[in-house]
Colleague: 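One structure, pasted below without further comment.
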Amino acid sequence: MTWQIDLAHSSVTLAVKHMMVTTVRGSMAITDGTLDIDEEHPEGSTVEVRLSAASINTGVEARDNHLRSADFLDAERFPYLTFRSTAIDSHDDDHRIHGELTIRDATRPITLETQLSGVVPNTPGGRRAAFYARTKVNRDDFGLTWNAALEQDGWLVGKEIKIEIDLAAVEVVAQAHRGTQQ
């Protein structure tokens with residue numbers, strides 16, 4: 001069954017260490033994505049998601065502009081970050097979604113630790129599902145290597161990025177199944 005990501009009810013948040021001690025948090029917008037879910041055999045499901053690089057938002061305009069620049073995401077040349085699943089391991093409502101994350105021109109394998117939050121009826125038909133996922137990536141693996149040495153040793157920007165995803169999806173229901181006329 002195909003599900004469309006509900007963009008208005010989904011979010012991606014990021015966290016990275018700043019000056020070795022504090023944490024900077026930000027968000028990015030999901031632009032589109034689909035889930036093809038095999039409910040009987042979840043390992044046969046697939047996920048594709050695309051994020052807007054220009055949407056990065058940490059609440060500080062100068063920092064956000066720097067993150068959009070060629071030092072980091074290079075949003076002008078690489079407008080999207082993409083994730084495409086390659087395999088899924090399932091145990092009850094907990095899933096490990098293995099896949100490929102592309103940032104800029106680098107594609108690397110990652111694993112999302114994912115939980116099904118629930119499935120409910122949707123209006124005017126079909127169903128709505130919610131998922132929570134998290135992972136960590138090393139930004140150097142994606143060519144995001146800009147940094148500045150600190151006077152007291154260490155680095156301005158940490159290498160590890162923690163990513164959390166709250167995803168809502170709506171089951172794609174054909175018009176004929178909802179009893180509507182075209």
Colleague: According to side-chain contact (heavy atoms from CB on, under 4.5 Å), who are the partners of His66, at least two apart in sequence or on a separate chain?
Modeller: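 Only Ser69, Asp71, Phe72, Trp146 meet the side-chain contact (heavy atoms from CB on, under 4.5 Å) criterion with His66.
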Colleague: Just to verify, which of Gln4, Arg128, Arg127 counts as forming a side chain to side chain donor-acceptor pair (under 3.5 Å) with Glu171?
Modeller: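 Looking at Gln4, Arg128, Arg127, the match for Glu171 under the side chain to side chain donor-acceptor pair (under 3.5 Å) is Arg127.
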Colleague: Tell me which donor-acceptor pairs under 3.5 Å the side chains of residues 154-166 have, and how far apart each pair is, sequence neighbours excluded?
Modeller:
unit_1, atom_1, unit_2, atom_2, d
Lys159, NZ, Asp140, OD2, 2.4
Glu164, OE2, Tyr132, OH, 3.4

Colleague: Search all heavy atoms of Leu7 against all heavy atoms of Ile30 and return the closest pair with its distance.
Modeller: CD2-O, 3.4 Å
Colleague: When clusters are formed by joining ILVMFWY residues with side-chain heavy atoms under 4.5 Å apart, either directly or through shared neighbours, do Val16 and Met19 land in the same one?
Modeller: yes
Colleague: Give the intermediate values and the outcome of side-chain hydrogen bond (donor to acceptor under 3.5 Å, both in side chains) for residues Thr22 and Lys17.
Modeller: CA-CA 6 Å; Thr22 60; Lys17 286 292 184 190; over 6 Å; no
Colleague: Can you measure from OG1 (Thr114) to CD1 (Ile97) and round to the nearest 0.5 angstrom?
Modeller: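 Separation between the atoms: 3.5 Å.
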Colleague: Cluster question for you: counting only ILVMFWY and a side-chain heavy-atom cut-off of under 4.5 Å, with indirect links fine, are Ile110 and Leu51 together?
Modeller: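 Yes, one cluster joins them.
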Colleague: Listing request: all salt bridge (charged side-chain N to carboxylate O under 4.0 Å, His left out) pairs with a residue in residues 49-70, at least two apart in sequence or in separate chains.
Modeller: Asp32-Arg50
Colleague: Following the transitive rule for hydrophobic clusters with a side-chain heavy-atom cut-off under 4.5 Å over Ile, Leu, Val, Met, Phe, Trp and Tyr, establish whether Val137 and Leu112 coincide in one cluster.
Modeller: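 Linked, Val137 and Leu112 end up in one cluster.
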Colleague: Only counting residues at least two apart or in another chain, list the ones meeting side-chain contact (heavy atoms from CB on, under 4.5 Å) with His98.
Modeller: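 Once residues adjacent in sequence are excluded, the partners of His98 under the side-chain contact (heavy atoms from CB on, under 4.5 Å) criterion are Thr86, Ala87, Asp89, Arg96, Thr111.
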Colleague: Are Leu14 and Phe83 in one and the same hydrophobic cluster, where Ile, Leu, Val, Met, Phe, Trp and Tyr link if side-chain heavy atoms are under 4.5 Å apart?
Modeller: yes
Colleague: Quick check for you: to the nearest 0.5 Å, what is the distance between Phe131 atom CZ and Trp3 atom CH2?
Modeller: 6.5 Å
Colleague: How far apart are the closest heavy atoms of Met28 and Ala53, and which atoms are they?
Modeller: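 Scanning both residues completely, I find the closest heavy atoms to be CE-CA, 3.7 Å.
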Colleague: Could you give the distance from CG (Asn147) to OG1 (Thr145), rounded to the nearest 0.5 Å?
Modeller: 8.5 Å
Colleague: Specify the closest pair of heavy atoms between Ser85 and Ser45, including all atoms of both residues, with the distance to one decimal.
Modeller: OG-O, 4.3 Å
Colleague: Check the hydrophobic clustering (I, L, V, M, F, W, Y; side-chain heavy atoms under 4.5 Å; chains of links allowed) and say if Leu101 and Phe78 are grouped together.
Modeller: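 The answer is no; the residues belong to distinct hydrophobic clusters.
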Colleague: Who passes side-chain contact (heavy atoms from CB on, under 4.5 Å) against Thr123, sequence neighbours left out?
Modeller: none
Colleague: If you round to the nearest 0.5 Å, how far is CZ of Arg84 from OG1 of Thr102?
Modeller: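 It is 7.5 Å, given to the nearest 0.5 Å.
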Colleague: What's the separation between atom OG1 in Thr46 and atom CG in Leu35, rounded to the nearest 0.5 Å?
Modeller: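 Here the interatomic distance stands at 7.5 Å.
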Colleague: Measuring from atom CD1 of Ile103 to atom CG of Asp105, what distance do you get when rounded to the nearest 0.5 angstrom?
Modeller: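 Between Ile103 CD1 and Asp105 CG, I get 11.0 Å after rounding to 0.5 Å.
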Colleague: Is the backbone of Arg77 close enough, under 3.5 Å, to the side chain of Arg104 for a donor and an acceptor to pair up by distance?
Modeller: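 Looks like no, no N/O pair under 3.5 Å.
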Colleague: Looking at Ala129 and Leu116, what are the two nearest heavy atoms and their distance?
Modeller: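 Minimum heavy-atom separation between Ala129 and Leu116: CB-CD1, 4.5 Å.
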Colleague: Apply side-chain contact (heavy atoms from CB on, under 4.5 Å) to Glu76 and list each qualifying residue two or more places apart in sequence or on a separate chain.
Modeller: none
